[in-house]
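Down below is the structure, laid out as structure tokens.
Side chains are part of it too, since the values below use all heavy atoms of this structure and drop only hydrogens, waters and symmetry mates. Source: prediction; values computed, not measured. Along the sequence shown, residues carry numbers from 1.
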Amino acid sequence: MRKLVALPVLSADALSSVAYGPEAMLAVLVLAGAPGLRYSVPVALAIVFLMLAVGVSYRQTIRAYPQGGGSYIVATDNLGRLPGLVAAAGLMTDYILTVAVSISSGVAAVTSALPGLAGDAVPIGVLVVALLLAGNLRGVRQAGALFAAPTYAFIIAIAALVAFGLYHAAGRGFAPVPTPPQHAVEGVGLLLVMRAFASGSTAMTGIEAISNAVPAFQPVPWRNARTTLSWMIGLLVALFAGTVAMVHLEGVVPESGETVLSQLAHRSFGSGGMYVFTQVATALVLLLAANTAYNDFPRVLFLLARDHHAPRVFLRLGDRLAFSNGVILLSVAAAVVYVAFDGKTDSLIPLYAVGVFLAFTLSQSGMVVHWWRARSRHWRKSLCFNATGALLSAVVFITAGITKFTEGAWLALVTVALFLLVTTRIRRHYDRVGEALRLHPQTIEVPSRTITPRSGSSLPAVRPLSPPGTAEPASGAAQEDRESEDSPESISHLSVVLLDSLHQASMRALAYAASLQQPVLALHVSAGDEDAERFREAWLLWGDHLPLRIVISPYRATVAPLIGYIESLHHQRPDLTITVILPEIVVRHWRHRLLHSPLGGRLRRALRPLPKIVVTTVPFHI
């Protein structure tokens with residue numbers, strides 16, 4: 001991506017938080033009445049310093065991880081598996097709440113302009129989640145001017161709001177407008193100020209997005225990513241500080257029926273076109289910020305599944321080259337959270353801060369360890385920057401966890417603990433299965449003879465693959481085939497054994513196929529040439545006793561390439577009855593079945609329209 005496109009696309013989450021970050025801070029300070037509101041500027045300055053410190057810290061992350069360094073990767077590489085899982089838990093919580101908070105804040109922007117819709121906030125939010133789900137299942141991507149426009153419109157709207165506000169304030173000598181009388185429900189104290197600091201710091205969410213997407217930039221990627229990150233931090237500081245300054249000068253306080261940004265826009269623009277533009281731009285950029293999570297959440301799930309900490313179904317791409325299962329899980333979780341908290345942003349913020357700064361803390365701590373080990377050029381300076389970011393992030397995380405524990409932070413902490421419990425148990429199960437499937441020299445059995453197809457039953461060459469979901473339809477001749485054989489002697493067989501890797505279960509499936517004394521073909525799907533070469537080497541080490549075909553599937557799909565190849569076999573040799581044999585892992589407990597893909601059922605449904613195709617499974621009990 002060009003920097004002009006990458007900036008709005010990757011910064012939407014961070015910049016849009018200006019719509020709710022300052023208001024979250026004020027909502028805490030107003031509890032102490034006018035004396036509490038006097039602390040808005042000092043607290044905002046502390047948050048600005050935190051933004052700069054964390055921003056500079058992530059510049060170091062981009063330099064150290066030019067291939068992309070999210071919190072999970074950085075924490076796992078430098079701190080170990082358990083801290084990496086904790087960082088992943090923080091990220092997952094962050095992404096779920098990004099969708100819920102962005103939508104709740106966007107709906108609030110709409111209902112501020114159209115108060116008549118306030119009673120329908122929850123149904124509207126759920127509808128938006130459904131639209132995001134549908135769009136992402138169809139492969140919508142954040143790229144190009146279409147997705148850049150809302151962020152630039154929001155920047156223009158807030159800049160104009162601040163400029164008009166400062167112009168009006170200059171006419172009265174920048175004297176602040178007195179705030180309406182406020183009834184104090186608690187006194188000003190360190191605890192209140194720290195709660196406000198933790199709430200306002202949610203304006204920093206999304207800072208990590210650019211460090212995750214370094215490979216997407218034009219060459220030199222890491223240099224362009226760092227430049228874009230610097231621009232994002234500068235804009236975030238300017239928009240946040242400008243908004244807080246206008247709140248202070250205009251004497252605005254949070255209200256239940258109208259957002260702070262809406263109040264400021266009314267005072268700067270009235271109720272005309274610029275006010276409508278500001279509200280529309282705010283709603284659109286928040287919607288884009290919610291959609292950002294749909295790119296990152298499934299990616300983290302993919303990394304977890306790759307490392308055997310999540311079910312393998314999250315490795316699979318859908319027909320539109322999107323991680324469909326991750327998209328569905330995110331939508332369901334975000335909708336449940338949104339409905340449970342009645343679509344209120346102020347209720348969701350306490351949960352938000354915990355996940356965001358937990359991931360920040362572990363990521364920056366991991367970078368401290370990285371620089372200490374690497375001792376590369378300028379490592380001391382980079383270590384100091386990352387240590388500062390880690391320390392400040394830890395302060396915010398601990399503050400949010402303590403001060404907002406009863407307001408909902410406990411739920412985020414419990415979620416992290418449950419996430420650790422589930423992911424470690426999943427890893428334990430996969431390790432146990434891997435041990436049971438592992439081949440040992442004394443257990444490998446090979447056929448007593450090489451089994452090849454009968455004379456004349458040549459095997460089709462592997463054709464280039466199209467993206468998943470674009471397999472050619474069966475020809476008319478194939479559709480007209482009928483199972484006309486009425487005696488065993490009239491049936492010609494070919495057994496196709498599907499192999500994901502060479503292990504005990506696949507060996508049992510191969511032995512079963514060989515025992516039928518019919519031609520056998522082994523079929524393997526690889527994600528790339530390197531994976532294919534590794535499997536071929538293992539196959540040669542086993543002895544190369546059977547014909548092998550390897551299908552390259554760069555889209556990480558499995559079912560579509562298998563179906564395409566089997567259809568090719570059927571079309572080239574319609575006289576053959578093809579038996580597709582799959583090794584099947586059979587587990588003892590029902591909950592473990594969710595961790596193993598039911599490939600047999602999917603193949604049966606897909607191949608049912610073709611005649612002379614038999615799908616069978618060879619069970620291997622764990």
Note, [X] side chain near [Y] side chain (heavy atom, < 4.5 Å):
X	Y	result
Leu516	Ser495	yes
Leu10	Phe217	yes
Leu562	Val551	no
Asp529	Ile552	yes
Leu603	Leu498	yes
Asp531	Phe535	no
Leu502	Met507	yes
Val618	Val497	no

Go through the steps to decide whether Tyr65 and His370 satisfy the test ring pair (Phe, Tyr, Trp, His ring centres under 6.0 Å), and finish with yes or no. CA-CA 10 Å; Tyr65 284 85; His370 170 83; 5.7 Å; yes

Between His503 and Phe620, is the ring centroid distance below 6.0 Å?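 No, too far apart.
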
Mind checking side-chain hydrogen bond (donor to acceptor under 3.5 Å, both in side chains) for Thr579 and listing every partner two or more places apart, or none if nothing turns up? none

Return the orientation label for the His429 and His592 ring planes: parallel under 30°, perpendicular over 60°, tilted otherwise. parallel

Under 3.5 Å side-chain donor-acceptor pair for [X] and [Y]:
X	Y	value
Asn224	Thr228	no
Thr205	Tyr352	yes
Asn291	Asn136	yes
Asp307	Tyr72	yes
His524	Ser526	yes

Steps toward side chain to side chain donor-acceptor pair (under 3.5 Å) verdict (Thr98, Asp94): CA-CA 6 Å; Thr98 291; Asp94 178 17; 3.2 Å; yes

Any residue meeting side chain to side chain contact (heavy atoms under 4.5 Å, CB included) with Arg223, in chain and number order, not counting sequence neighbours: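 Checked Arg223 against side chain to side chain contact (heavy atoms under 4.5 Å, CB included); matches are Val220.
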
Search all heavy atoms of [X] against all heavy atoms of [Y] and return the closest pair with its distance.
X	Y	result
Pro150	Leu284	CB-CB, 3.9 Å
Ala359	Ala87	CB-O, 4.1 Å
Ile426	Pro311	CD1-CD, 3.9 Å
Val128	Leu287	CG1-CD1, 3.5 Å
Ile578	Val496	CG2-CG2, 3.8 Å
Ala75	Pro83	CB-O, 4.0 Å

What's the verdict on side-chain contact (heavy atoms from CB on, under 4.5 Å) for Leu576 and His570, showing C-alpha distance, side-chain angles and the deciding distance? CA-CA 7 Å; Leu576 289 177; His570 176 72; over 6 Å; no

Glu533/Arg536 ion pair, N-O < 4.0 Å: yes

Could you please spell out the steps behind the side-chain contact (heavy atoms from CB on, under 4.5 Å) verdict for Val99 and Tyr95? CA-CA 6 Å; Val99 177; Tyr95 294 141; over 6 Å; no

Check each of Leu329, Val300, Leu304 against Phe314 using the side chain to side chain contact (heavy atoms under 4.5 Å, CB included) test, and report the only one that passes.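 Single pass found, and it is Leu329.
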
[Y] backbone acceptor or donor facing [X] side chain under 3.5 Å:
X	Y	value
Thr424	Leu421	yes
Thr151	Pro8	yes
Glu208	Ser71	yes

Where do Ile210 and Tyr58 land on the side-chain contact (heavy atoms from CB on, under 4.5 Å) test, with the steps shown first? CA-CA 9 Å; Ile210 292 177; Tyr58 270 103; over 6 Å; no

Quick one: do Thr61 and Val74 satisfy side-chain contact (heavy atoms from CB on, under 4.5 Å)? Show the steps, please. CA-CA 8 Å; Thr61 302; Val74 174; 4.2 Å; yes

For [X], I'd like to know if atom [atom1] has over 12 heavy atoms of other residues, nucleotides or ligands within 6.0 Å.
X	atom1	result
Tyr152	OH	yes
Arg226	CZ	yes
Arg432	CZ	yes

Kindly list each side-chain donor-acceptor pair under 3.5 angstrom involving residues 330-339, sequence neighbours excluded, with atom names and distances?
unit_1	atom_1	unit_2	atom_2	d
Ser331	OG	Tyr294	OH	2.8
Ser331	OG	Val327	O	3.0
Tyr338	OH	Ala121	O	2.8

